[in-house]
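All residue numbers in this chain count up from 1 along the given sequence.
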Amino acid sequence: MDYGAVEGGVTDNSQAFLKAWNDACQWRGMARVLIPRGIFMLFPVTFSGPCKGRIAFLILGTLRASTEPSTFNSENWINFRYLEQLTVAGGGTLDGQGPLVWPRNNCNNHPCRTLPISLSFDFVNNATVAYLRSYNSKNAHIRLFGCNKMDFTKLRLSAPGDSPNTDGIKIGSSYRIRISRSVITTGDDCIAILSGSREIHIHKIFCGPGHGISIGSLGGYGNEHDVEGVYVKDSGLKGTNNGLRIKTWANSHPLKVSKIIYENIVMTDVMNPIIIDQNYCPSPPCNQQVTSNVQISNVTYNNIWGSSSSKEAVILKCSKTSPCKNIVMNNIKLSLDGPGGIASSYCENAVGVTYGTQNPRPCI
């Protein structure tokens with residue numbers, strides 16, 4: 001059925017998309033919403049459930065976001081919520097048109113409205129997102145909150161390395177999320193794992209440029225929850241500002257981060273390839289006289305190799321009151337890329353063991 005969407009990238013098609021969605025949502029059985037090839041302008045839109053059956057939302061063409069500030073009345077551009085058994089796929093593209101509005105995305109020095117995230121999922125369970133491209137997002141490319149058992153694969157998320165706040169995938173308060181076989185080149189964290197995330201599996205990801213694969217920042221708010229079970233394997237990072245990072249605020253609320261495994265990771269010209277920073281302070285001044293109340297434990301680094309663009313290739317800057325416990329480092333081979341001698345490591349309040357080859361020389 002044709003719902004009257006207008007191709008060309010100029011006319012807003014949100015109402016036509018919503019009509020198609022509402023019909024699909026009421027269909028008992030498997031329903032499909034198909035966006036054909038072409039360019040379709042789409043103002044912020046929410047596709048909400050619960051629905052009566054499975055839905056496949058198939059994007060073959062390009063969805064183009066608006067750059068008109070009056071349409072930024074939501075923190076999301078395309079939002080799916082309260083759904084079971086959803087598929088979003090099709091090989092199409094999300095064009096966030098970020099370069100035209102990124103100057104509005106710096107809220108550090110003055111109050112401003114947060115720009116929309118390209119693709120967000122709230123309370124979505126048993127879903128798959130695959131074979132999509134997102135480029136030049138205004139804010140983050142993809143965000144999850146309160147989701148369970150979602151798979152993300154064969155994605156390409158891209159924005160310039162200097163674009164503001166363009167995280168690749170942000171995960172919060174979600175369980176059993178799998179991300180695989182994707183390329184993320186962006187201006188912030190390639191993947192950010194936030195409060196309440198459990199059983200997050202990251203496999204065969206390429207990241208760079210960007211700020212690496214991060215857990216946190218954590219502890220900045222009193223209503224946060226523990227992070228447990230993060231597995232990053234068989235992946236590569238190139239030219240990122242950080243590599244494998246865990247970051248917590250110094251002046252933080254009590255929290256736990258545990259059961260973290262990094263395995264078979266290749267670094268190429270990465271600054272801070274391995275870093276735990278429990279004095280995270282992105283916008284000084286911060287109170288550095290207090291120590292973090294986030295307890296980090298049971299973190300394993302296994303077969304991490306490549307080159308570091310910073311002399312300190314391993315930094316474990318842990319809390320004085322809640323030292324990092326049971327840090328395991330096995331076969332670490334990180335050389336300094338460029339002049340300056342050999343790579344080094346730095347530790348504060350970190351307790352653990354080392355096995356196998358260790359370059360730089362371990363500090364635990």
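Remark: Asp12 engages no residue in a salt bridge (charged side-chain N to carboxylate O under 4.0 Å, His left out) (not counting sequence neighbours). Applying the ring pair (Phe, Tyr, Trp, His ring centres under 6.0 Å) criterion to Tyr301, with sequence neighbours excluded, gives Tyr262.
Rounding to the nearest 0.5 Å gives a distance of 5.5 Å between CD1 of Ile304 and CG of Leu244. Once rounded to the nearest 0.5 Å, the distance linking CD of Glu199 with CZ of Arg176 reads 10.0 Å. Taking CG of Asp95 as the start and CZ of Arg133 as the end, the distance is 8.5 Å to the nearest 0.5 Å. If you take CD1 on Ile59 and CG on Leu132, they are separated by 5.0 Å, rounding to the nearest 0.5 Å. Of the inter-residue distances, the one linking Lys333 atom NZ with Thr357 atom OG1 reads 4.5 Å to the nearest 0.5 angstrom. Distance OG1/Thr240 to CD1/Ile184: 12.0 Å, rounded to 0.5 Å.
Counting only distance, with no hydrogens or angles, the side chain of Ser214 and the backbone of Gly216 share no donor-acceptor pair below 3.5 Å. Side chain of Glu224 to main chain of Tyr221: a donor-acceptor pair is present (N/O by atom type, distance under 3.5 Å, no hydrogens or angles). Judged by distance alone, with hydrogens and angles left aside, the side-chain atoms of Trp27 form no donor-acceptor pair with the main-chain N or O of Ile55 at under 3.5 Å. Within the 3.5 Å criterion, the main-chain N or O of Lys238 finds no donor-acceptor partner in the side chain of Thr268. Judged by distance alone, the side chain of Thr186 and the main-chain N or O of Gly210 form no donor-acceptor pair under 3.5 Å. Judged purely by atom type and a 3.5 angstrom limit, Ser174 uses its side chain to pair as donor or acceptor with the backbone of Gly172. At least one donor-acceptor pair under 3.5 Å links the side chain of Lys138 to the backbone N or O of Gly96. Between the side chain of Ser134 and the main chain of Leu157, no donor-acceptor pair closer than 3.5 Å is present. Remark: the backbone N or O of Thr11 is paired with a side-chain donor or acceptor of Asn13 at under 3.5 angstrom. Side chain of Asp167 to backbone of Asp188: no donor-acceptor contact under 3.5 angstrom is found.
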Could you go step by step and tell me if Met329 and Ile364 meet the side chain to side chain contact (heavy atoms under 4.5 Å, CB included) rule?
CA-CA 9 Å; Met329 308 197 79; Ile364 58 173; 4.0 Å; yes

Please assess Tyr3 against Phe17 for the test ring pair (Phe, Tyr, Trp, His ring centres under 6.0 Å), listing each intermediate value before the final yes or no.
CA-CA 7 Å; Tyr3 289 86; Phe17 278 50; 9.8 Å; no

In sequence, state the C-alpha distance, the side-chain angles, and the governing distance for Leu83 and Cys51, and then conclude on side chain to side chain contact (heavy atoms under 4.5 Å, CB included).
CA-CA 7 Å; Leu83 293 164; Cys51 295; 3.6 Å; yes

Residue pair Ser319, Gln278: steps toward the side chain to side chain donor-acceptor pair (under 3.5 Å) verdict
CA-CA 6 Å; Ser319 168; Gln278 295 210 255; 5.1 Å; no

Given side chain to side chain donor-acceptor pair (under 3.5 Å), test Ser292 with Trp249 step by step and report yes or no.
CA-CA 6 Å; Ser292 179; Trp249 292 90; over 6 Å; no

Hey, mind stepping through Phe80 and Phe123 against side chain to side chain contact (heavy atoms under 4.5 Å, CB included) and telling me if it holds?
CA-CA 8 Å; Phe80 293 92; Phe123 311 105; over 6 Å; no

Are Thr185 and Ser158 close enough, and set up right, to give a side chain to side chain donor-acceptor pair (under 3.5 Å), and what steps lead you there?
CA-CA 5 Å; Thr185 64; Ser158 62; 4.7 Å; no

Test Leu194 against Ile171 for side chain to side chain contact (heavy atoms under 4.5 Å, CB included), laying out the working first.
CA-CA 6 Å; Leu194 306 175; Ile171 306 166; over 6 Å; no

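In the hydrophobic cluster analysis, where Ile, Leu, Val, Met, Phe, Trp and Tyr join through side-chain heavy atoms closer than 4.5 angstrom, Val45 is grouped together with Trp77. No single ILVMFWY cluster, assembled from side-chain heavy atoms under 4.5 Å apart, contains both Met271 and Ile191. Ile327 and Tyr280 fall into different hydrophobic clusters, defined by Ile, Leu, Val, Met, Phe, Trp and Tyr side-chain heavy atoms under 4.5 Å apart, directly or through other members. By the criterion of side-chain heavy atoms lying less than 4.5 angstrom apart, applied directly or through intervening Ile, Leu, Val, Met, Phe, Trp or Tyr residues, Ile35 is grouped together with Phe47 in one hydrophobic cluster. There is no path of hydrophobic side-chain contacts, each under 4.5 Å, that joins Ile117 to Ile169.
A salt bridge links Lys233 with Glu263: at least one charged nitrogen is closer than 4.0 Å to a carboxylate oxygen. Salt bridge annotation for Asp234-Lys204: absent, with no cationic side-chain nitrogen under 4.0 angstrom from a carboxylate oxygen. Taking the charged nitrogens against the carboxylate oxygens, Arg178 and Asp151 do have a contact shorter than 4.0 Å, which makes a salt bridge. The pair Lys256-Asp226 does not count as a salt bridge, with every side-chain nitrogen at least 4.0 angstrom from each carboxylate oxygen.
For the residue pair Gln85/Asn126, the side-chain donor-acceptor check at 3.5 Å is not satisfied. Residues Ser335 and Ser307 bring no donor and acceptor atom of their side chains to less than 3.5 Å of each other. Of the N and O atoms on the side chains of Asn139 and Asn165, not one donor lies less than 3.5 Å from an acceptor on the other residue.
Of the residues Asn79, Leu18, Asp122, the one that meets the side chain to side chain contact (heavy atoms under 4.5 Å, CB included) test with Thr46 is Asn79. When each of Asn331, Val328, Asn302 is paired with Tyr355, the side chain to side chain contact (heavy atoms under 4.5 Å, CB included) condition holds for Val328 and for no other.
In plain terms, the two heavy atoms of Pro116 and Asn76 that are nearest each other are CB-C, 3.7 Å. Between Ile342 and Lys311, the shortest heavy-atom distance links the atoms O-NZ, 2.7 Å. Taking each heavy atom of Asn136 and Pro160 in turn, the nearest pair found is OD1-CD, 3.5 Å. Contact between Ile213 and Leu237 at its shortest, heavy atoms only, is N-CD2, 4.2 Å. Among all heavy-atom pairs drawn from Thr153 and Ser180, the shortest one is OG1-OG, 3.1 Å. Here the closest non-hydrogen pair linking Phe72 and Val101 is CZ-CG1, 3.9 Å.
Sulfur-sulfur distance for Cys347 and Cys318: not below 2.5 Å, with no disulfide indicated.
In this structure the side chain of Val227 reaches within 4.5 angstrom of the side chain of Leu218, judged on heavy atoms. Leu63 places a side-chain heavy atom less than 4.5 Å from the side chain of Ile78. Under the 4.5 Å side-chain criterion, counting only non-hydrogen atoms from C-beta, Leu34 is in contact with Leu60.
Proximity of the aromatic rings of Phe145 and Phe121 is defined here by a centroid distance below 6.0 angstrom, and this criterion is not met.
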